[in-house]
Amino acid sequence: MKVAVVGAGAWGTALANVAAEATGELTPLIGRDPGRMAEIARDRTNAARLPNIPLHKGVYPTADKTTLADAGVVLMVVPTQTLRAVATEIAALVSPESVVVSGCKGVEKGTLALPHIVLEEALPGSRRALLSGPSFAEDVALGLPTAVTLASADEAAAALVCEALATRSFRPYRSTDIVGAALGGAAKNVLAIAAGAVAGRGLGASAVAAMVARGFAELGRLGLALGARPETLAGLSGLGDLVLTASSTQSRNFSLGLALGRGEPPPNKLAEGAATVEALVALAAEHGVEMPISTAVAEVLAGRVSVGAAVAGLLARPLKSEI
């Protein structure tokens, strides 16, 4: 089974290492810039995105998209907001028998579509899946134990991708609840910004724990409205990913929140939560779901309120039953 990876960021590079180890096949790692891909191929490391971690000997860095033409699994590891454009670019090269897997987490602006819906519209008739769960690229690339969710409405497709990616340290669990897996990945990034902001503000570990727990309640309400299964949201791609992302400075989203809480300039790194928060809040509003923490994050990032005012606003909400 040949696996091709589209997107040469940190996560794409880590997954290329996983796929090359799992399959024993040559694994194309496809990036947009020919010069950069030639440099990665020469140095055998992605110095800009995943420094000091060597590529697996089976990873083939390239800018040639035709190398994915005979892949049985195509991993789309690009930001959510560019997923549609990149998927449209490669549509003619993807075999109808291939399983195309989204490896990004977010909600598309404008359409309010989750990644698997974007793939459905950009690659009509293709077999689709979604990879999500608690996983830092560096940990995965180093071969540290990691468990993730591989979701697809087509259970046979999910099983095929799990077999293609499973290694001694990378363990995918399959699921048919693609909505729940996608939603957990999108919301946890936004909620991690909130947790980071509370930590950066110096409000204490108890406040951070409360923010995570109440944020998870928001995720549960939106999941219910969209038809996600509660056990999915409580699993690896929901609660598991939220706990990881909202508790470590390895997380770009948590780090962004920390900077906001401290009144510092934001880190010069992409935080998917910042790119998706407005769309997540709009999606919730479309389904009549209240998400006060996510809304507060949107307000802070837009510069409409301060972190202090946002926290005060949350604390001033009417008293209510927890459940």
Side-chain angles (χ1 to χ4, degrees), residues 105-107 112 114 132-134 149 151 175 177-248 251 253-254 256-258 260-261 273-274 276-302 304-323:
K105 301 170 181 179
V107 181
L112 308 185
L114 292 166
S132 193
T149 300
S175 169
D177 183 11
I178 195 168
V179 173
L183 189 59
K188 64 90 184 180
N189 282 332
V190 173
L191 299 172
I193 295 174
V198 169
R201 190 75 177 173
L203 299 179
S206 299
V208 174
M211 189 66 72
V212 171
R214 294 311 301 162
F216 184 67
E218 289 189 5
L219 170 58
R221 290 195 296 270
L222 184 56
L224 180 65
L226 294 178
R229 295 201 294 265
E231 59 267 30
T232 304
L233 301 179
L236 291 165
S237 57
L239 182 60
D241 209 357
L242 175 59
V243 169
L244 176 72
T245 312
S247 63
S248 171
S251 161
N253 295 284
F254 185 77
L256 171 58
L258 275 176
L260 290 170
T276 203
V277 61
E278 295 280 2
L280 179 70
V281 170
L283 179 64
E286 190 176 79
H287 289 271
V289 175
E290 193 176 23
M291 298 186 75
I293 294 174
S294 300
T295 301
V297 171
E299 293 290 299
V300 170
L301 289 173
R304 292 188 284 265
V305 300
S306 67
V307 171
V311 171
L314 291 170
L315 291 174
R317 286 172 55 79
L319 298 176
K320 56 186 285 189
S321 169
E322 182 180 11
I323 306 299

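Throughout, numbering of the chain's residues begins at 1 and tracks the sequence.
In terms of heavy-atom proximity, Ala195 sits nearest to Val212 at CB-CG2, 4.1 Å. Across every non-hydrogen atom of Ala199 and Phe254, the tightest pair is CB-CZ, 4.1 Å. Residues Val107 and Thr276 come closest through the heavy atom pair N-OG1, 2.5 Å. In this structure, Ala279 and Leu112 approach most closely via the heavy-atom pair O-CD2, 3.6 Å. Shown here for Ala298 and Arg304, the closest heavy-atom pair between the two residues is O-NH2, 3.9 Å. Gly185 approaches Ser132 most closely through the heavy-atom pair CA-OG, 3.8 Å.
Counting only residues at least two apart or in different chains, salt bridge (Lys or Arg N to Asp or Glu O under 4.0 Å) contacts with residues 310-323 comprise Glu290-Arg317. Evaluation of the side chain to side chain donor-acceptor pair (under 3.5 Å) test over residues 189-205, restricted to residues two or more places apart or in two chains, returns Asn189-Asn253.
With values rounded to the nearest 0.5 angstrom, Arg214 atom CZ is found 11.5 Å from Met291 atom CE. Rounded to the nearest 0.5 Å, atoms NZ (Lys188) and CG (Leu219) are 12.0 Å apart. Once rounded to the nearest 0.5 Å, the distance linking CG of Leu283 with CD of Glu278 reads 13.0 Å. The CG atom of Leu222 sits 7.0 Å away from the NE2 atom of His287 when rounded to the nearest 0.5 Å.
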Quick one: do Leu301 and Leu260 satisfy side chain to side chain contact (heavy atoms under 4.5 Å, CB included)? Show the steps, please. CA-CA 9 Å; Leu301 289 173; Leu260 290 170; 3.7 Å; yes
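Shown here are the side-chain contact (heavy atoms from CB on, under 4.5 Å) partners of Leu224, two or more places apart in sequence or in another chain: there are none. Scanning for side-chain contact (heavy atoms from CB on, under 4.5 Å) contacts around Ala205 gives an empty result, with sequence neighbours left out. Qualifying side chain to side chain donor-acceptor pair (under 3.5 Å) partners for Ser294, counting only residues two or more places apart in sequence or in other chains: Glu218.
Residues Thr149 and Asp241 fail the side-chain proximity criterion, which asks for heavy atoms closer than 4.5 Å. Ile193 places none of its side-chain heavy atoms less than 4.5 Å from the side chain of Val300. Using a 4.5 Å heavy-atom threshold, the side chains of Leu233 and Leu239 count as separate. Here the side chains of Pro134 and Val243 are not in contact, with every heavy-atom distance at 4.5 Å or above.
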Please output the side-chain donor-acceptor pairs of residues 177-184 that fall under 3.5 Å, not counting sequence neighbours, one pair per line with the distance.
unit_1, atom_1, unit_2, atom_2, d
Asp177, OD1, Gly180, N, 3.0
Asp177, OD2, Arg229, N, 2.8
Asp177, OD2, Thr232, OG1, 2.7

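Ser251 places a side-chain N or O within 3.5 Å of a backbone atom of Thr245 that can act as its donor or acceptor partner. Using a distance-only test at 3.5 Å, with no hydrogens or angles considered, a donor-acceptor pair links the side chain of Ser247 to the main chain of Leu244.
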